[in-house]
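Just below is one structure, and these are the notes that go with it.
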Amino acid sequence: MSNKEMLYEGKAKILYKGPKPDTIIQYFKDDATAFNNVKKGTIAGKGIINNKMSELIMTRLGAIGIPTHFIERLSDREQLCHEVEIIPLEVIVRNTVAGTMAKTFGIEEGLRLPRPIIEFSLKDDDLGDPLIPENHILVLEIAKEDELMEMMEMTSKINDFLRGFFAAVGIELIDFKLEFGRLTDGQDGHFLVLADEFSPDNCRLWDFETGEKLDKDRFRRDLGGEVEAYQEVARRLGISLEVEDKEED
Ligand code: 5GP
């Protein structure tokens with residue numbers, strides 16, 4: 001990794017300058033954090049699984065017409081992506097009540113919602129990623145109205161597709177978080193693409209039959225078995241856990 005220029009180190013990933021203009025390399029770490037960095041640890045092999053799962057999901061979403069930042073996986077822990085200007089919003093979809101929604105509204109986890117809810121949080125660790133209403137997003141010019149509509153349309157399509165995708169392997173997609181970015185069109189404009197990652201770090205996955213949690217809640221809630229849970233999701237999706245070890249340099 002040494003000869004790459006580091007752009008940013010986040011909680012679960014490191015971003016490096018890519019080999020071509022306007023590209024970046026996402027390096028997936030095993031580090032896990034929760035509750036805004038208060039709880040820290042590692043989940044062995046998580047980076048490899050998240051890298052490969054993101055590759056699979058971004059590729060499938062691309063095939064159904066969702067533009068993404070993903071270009072190709074380079075190694076076990078690295079993937080090449082287009083560099084985008086991240087919109088500082090977390091787009092959260094809830095199909096079933098869990099987590100913050102259960103806590104905020106005093107609803108028991110597990111209630112299936114009659115229709116999915118899409119909500120936005122401001123991506124700001126110092127503020128604890130507060131929920132932000134659409135009006136505030138527009139008036140504070142965090143995103144334009146057409147961008148907001150587009151993010152919601154894409155998110156809705158992604159949810160429809162991924163619910164079926166996970167259901168096919170016996171997993172219920174409870175909720176998830178997406179991030180979008182602006183990608184330059186090479187002239188004066190830009191268009192929105194799905195960015196960041198899709199993995200058990202940013203979604204809730206429950207086994208359909210047993211209700212067992214197969215995601216980062218195992219780490220957040222000290223349930224144990226997080227390594228096995230990530231591996232189980234990978235196994236069901238046909239993702240190889242074999243270490244290929246073809247690091248770039
Ligand atoms: P909640 O708002 O209930 O904590 O989270 C809803 C969903 O969004 C969960 O699947 C959770 O994993 C994801 N999520 C919410 N905030 C974050 C975040 O800051 N980072 C990550 N990785 N996922 C998040």
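Both counts, for ligands and for their atoms, begin at 1 and track the order of listing. Computed from a predicted structure; not experimentally measured.
Nearest approach of Phe165 to Leu237, heavy atoms of both residues: CE2-CD2, 3.6 Å. Minimum interatomic distance between Glu90 and Glu179 (heavy atoms only, all atoms of both residues): OE2-OE2, 4.4 Å.
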Validation: residues 136-143 side-chain donor-acceptor distances under 3.5 Å, sequence neighbours left out:
none

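Checked against side chain to side chain contact (heavy atoms under 4.5 Å, CB included), Asp125 has the following partners two or more places apart in sequence or in another chain: Lys11, Asn36, Asp129. Remark: Glu85 engages Arg182 in a salt bridge (Lys or Arg N to Asp or Glu O under 4.0 Å) (not counting sequence neighbours).
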List of N/O pairs, ligand 1 versus protein, all under 3.5 Å?
| from | atom 1 | to | atom 2 | distance (Å) |
| --- | --- | --- | --- | --- |
| ligand 1 | 2 (O) | Arg94 | NH2 | 2.8 |
| ligand 1 | 2 (O) | Thr100 | OG1 | 3.0 |
| ligand 1 | 3 (O) | Arg94 | NH1 | 3.1 |
| ligand 1 | 3 (O) | Thr100 | N | 2.8 |
| ligand 1 | 3 (O) | Thr100 | OG1 | 3.3 |
| ligand 1 | 3 (O) | Arg204 | NH1 | 3.0 |
| ligand 1 | 4 (O) | Thr100 | OG1 | 2.9 |
| ligand 1 | 10 (O) | Asp175 | OD1 | 2.7 |
| ligand 1 | 10 (O) | Arg204 | N | 3.4 |
| ligand 1 | 12 (O) | Arg220 | NH2 | 2.8 |
| ligand 1 | 16 (N) | Glu90 | OE1 | 3.3 |
| ligand 1 | 19 (O) | Glu90 | OE2 | 3.1 |
| ligand 1 | 19 (O) | Asp129 | OD2 | 3.2 |
| ligand 1 | 22 (N) | Asp201 | O | 3.3 |

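By the neighbour-count criterion of 12 heavy atoms within 6.0 Å, atom NZ of Lys144 is sparsely surrounded, having that number or fewer from other residues, nucleotides or ligands.
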